[in-house]
Amino acid sequence: MFYHAKELQFNARVSKPDPKFASLLLEQFGGMNGELKAAMQYFTQAFAARQPFPEKYDMLMDIATEEFSHLEIVGATIQMLMNGVNGEMKDISEQSELMQLVGGGKASKENLIHESMLNPMFLGVTGGSPAVTNSQGVPWSGYYVDANGDMTVDLRSDIAAESRAKITYEYLMQFTDDPDVKETLKFLMTREVAHHQMFEAALSTLEPNFPPGVVQGDPRYTNLYFNMSKGDDARGPWNEGESPLLGEQWQYIDDPQQVVNSTDGLRDQQPQGAAMSMDEAEKKSKEVSKMRSEQIKSAVPKGSNQWSKYTK
Ligand code: MN
Ligand code: MN
């Protein structure tokens, strides 16, 4: 169950209204890399983790709930940046507090409305409060949520999500001069840095965690690098020496067309510098599949099941 505390996780403040920035900040409310996406992603992933990986469930729910707290901070900041707009729209006297703050007069009101119009949702639909859209007014979508029912896949999606949330805050910070708003954004950005490390650490506790899922790659193809774009060819740890996760020797194919032709379209390709033979890979797929399947089945009771334990 959820329990709501009315105090924000971070003491969000604004120095003055700024409808233009409020409009941009909506990106982190209902945008594809925003707080609602993060919250819903970790919340959704947590269901599959609940019984087989209770410690990952605990972490996912802690972070999902923190993301809802960030959503609340972003919404509160938008509301404060739009402060007065809702009242203004109900006030035809041109004498409101907000009008005095922005200089007063009809020109100011028009200017304010013009700035708010960057996102017409603010005027036409919500009257100055947050909308569940991105900064362009595109509605939030469940399609932003990545949950694949495999802990290693989900954690990698989460690391990517945290990177995108972090850079979005970094970009947004350049568009406000308000020191109070900057402090809030710095806090929100930094928490994504913290979450990024939590997901990395959690991934490292799952063994094996690569390749994702249970089926091993075909050793004929896991370490081939095709030089598909000729000229100024670069070499580095992505195509020479040892591959980082499987520890195989990269095979650099300088003439892909020749190799494809001479191997009957790679069907006759033999494993070279691979970690395993094809038989070993087959065996490992079965082993990992048995292990993962047992891990999950043993954690989930057959027949009658109950989600929670209650203590009196
Ligand atoms: Mn966040
Ligand atoms: Mn985060």
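Both ligands and their constituent atoms are indexed starting at 1 by order of listing. Residue indices begin at 1 and follow the sequence shown.
- Asn209 and Ser204 get closest at one heavy-atom pair: ND2-CA, 4.1 Å.
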Original post:
What do the steps show when you test Asp178 against Ser15 for side-chain hydrogen bond (donor to acceptor under 3.5 Å, both in side chains), and what is the final call?
Top reply: CA-CA 6 Å; Asp178 186 325; Ser15 313; 2.6 Å; yes
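- Looking only at protein N/O/S atoms, the ones less than 2.8 Å from the Mn ion (ligand 2) make 5 in total.
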Original post:
Would Glu248 and Thr222 count as a side-chain hydrogen bond (donor to acceptor under 3.5 Å, both in side chains) if you check the C-alpha gap in whole Å, the side-chain angles of each, and the deciding distance to 0.1 Å?
Top reply: CA-CA 8 Å; Glu248 303 182 313; Thr222 42; 2.8 Å; yes
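- Ring geometry, Phe47 versus Trp307: the interplanar angle falls from 30° to 60°, so the pair is classed tilted.
- Looking at His70 and Glu66, their side chains do bring a donor and an acceptor atom within 3.5 Å of each other.
- Across Gly31 and Asn134, no two heavy atoms sit closer than the pair CA-CB, 3.7 Å.
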